[in-house]
Amino acid sequence: MSRSAAPQTDWTPDQPIIALKDVRKSFGHLEVLKGIDLHVMKGEVICIIGPSGSGKSTLIRTINGLTPVTAGSVKVEGQEVHDDKLDKLALRRKIGIVFQQYNLFPHRTVLQNVMMAPVLVLHENKREVEERARSLLAKVQLSGKEDAYPAQLSGGQQQRVAIARSLCMRPDVMLFDEVTAALDPEMVKEVLVTIKELAAEGMTCVLVTHEMGFAREVCDRVYFTDAGLIVESGPPKQVFGDPQDARTKEFLSKVL
Ligand code: ADP
Ligand code: MG
């Protein structure tokens, strides 16, 4: 699987695929991340939970370089993400991210939306990309919607297009930032099912979510953030069943 754009590192799959070390981020005088350490192994699914404003989105965005860090190190497959010399294209291909707002191109069909980045950004063969896009749309249960426009789809369907679009870049890691938060309750499940299947296939996933049931069922580990710090982490059974930190206890008492 040699990819020409991939940077050369001595990373091997027995090392963390994502490694954050003492990551700090300030916006002006506001310190939003105060020293985050986080390791994710290949194929692991981790959830980040915590109160609004605790830095979850900032944290997840440092993993693919969307938000520059003030200090510390973020490595993905051994490659320092916040390295000015890094090939940003290779990084973007390797780490998919899906947001609460799916931001599909309204004047492009579903199929065109999914095909766009590999064709226009990576200059891949159009026929091959189309084949892949169609099979990804089938995978997210959207066969038959290839020629629809985003406005003709429900929120849940649009979010699944956004996931397929991200997967079409063949990422090694997927980041999800509250992808179900804007959806009507009946559409939350269909999106979570898609992510669950992805996780079952061995995709490395980092999720920020308020879906505690999902976190409990699907995640290998849960990280609880508060005021820019990870105050507690562990298997979901432990964090949800027997939280140790007072802040985790308080948060869970409100959301469970
Ligand atoms: P969460 O996702 O946990 O709700 P965020 O990471 O979005 O938290 O935000 C953490 C804090 O950082 C908040 O106080 C927010 O207002 C602030 N913040 C986030 N992004 C920016 C930005 N681009 N500029 C200034 N402040 C920001
Ligand atoms: Mg957020």
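Just follow the structure's listing: the first ligand is 1, and inside any ligand the first atom is 1.
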For this session: Kindly indicate, with the supporting measurements, whether the criterion side-chain hydrogen bond (donor to acceptor under 3.5 Å, both in side chains) is fulfilled by Thr180 and Gln159.
Result: CA-CA 8 Å; Thr180 60; Gln159 190 58 291; over 6 Å; no

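What sits closest to atom 27 (C) of ligand 1 on the protein, heavy atoms only, is Phe27 CD1, 3.3 Å. Looking at atom 7 (O) of ligand 1, its nearest protein heavy atom turns out to be Ser57 CB, 3.7 Å. Shortest contact from atom 8 (O) of ligand 1 to any protein heavy atom: Gly55 N, 3.2 Å. Distance from atom 14 (O) of ligand 1 to its nearest protein heavy atom, with residue and atom name: Leu30 CD2, 3.8 Å. With hydrogens left out, the protein atom closest to atom 12 (O) of ligand 1 is Val32 CG2, 3.1 Å, a heavy atom. Of all protein heavy atoms, the one closest to atom 4 (O) of ligand 1 is Gly53 N, 2.7 Å.
The closest approach between a heavy atom of Gly50 and any atom of ligand 1 is not below 4.0 Å.
Taking backbone and side chain together, Thr58 holds no N, O or S atom under 2.8 Å from the Mg ion (ligand 2).
Side-chain atoms of Ser54 do not come within 3.5 Å of backbone N or O of Asp226 as any donor-acceptor pair. With hydrogens and angles ignored, the 3.5 Å screen pairs a side-chain donor or acceptor of Arg160 with a backbone N or O of Val140. A distance-only check finds a donor-acceptor pair linking the side chain of His82 to the backbone of Thr62 [under 3.5 Å].
Between the CD atom of Glu44 and the SG atom of Cys219 there is a distance of 10.0 Å, given to the nearest 0.5 Å.
With respect to the salt-bridge test (charged N to carboxylate O, under 4.0 angstrom), the residues Glu130 and Lys126 do not qualify. Between Glu232 and Arg247, none of the side-chain N atoms (NZ, or NE/NH1/NH2) sits under 4.0 Å from a carboxylate O, so this pair counts as no salt bridge.
With a 4.0 Å heavy-atom cut-off, ligand 1 is reached by no atom of Thr67. Using a 4.0 Å cut-off between heavy atoms, Thr58 contacts ligand 1 through both its backbone and its side chain.
A single hydrophobic cluster is seen to contain both Tyr223 and Ile95, as judged by linkage of ILVMFWY side chains at heavy-atom distances under 4.5 Å, directly or through other members.
Considering backbone and side-chain N/O of Glu178, none are found under 3.5 Å from N/O of ligand 1.
Taking a distance limit of 4.0 Å, we find that atom 16 (O) of ligand 1 is approached by no protein heavy atom.
With contacts defined as side-chain heavy-atom distances shorter than 4.5 Å, the pair Leu167/Met174 qualifies.
Each of the atoms 3 (O) of ligand 1 lies under 4.0 Å from some heavy atom of Pro51. Taking every non-hydrogen atom of Ser52 and a distance limit under 4.0 Å, the qualifying atoms of ligand 1 come out as 4 (O).
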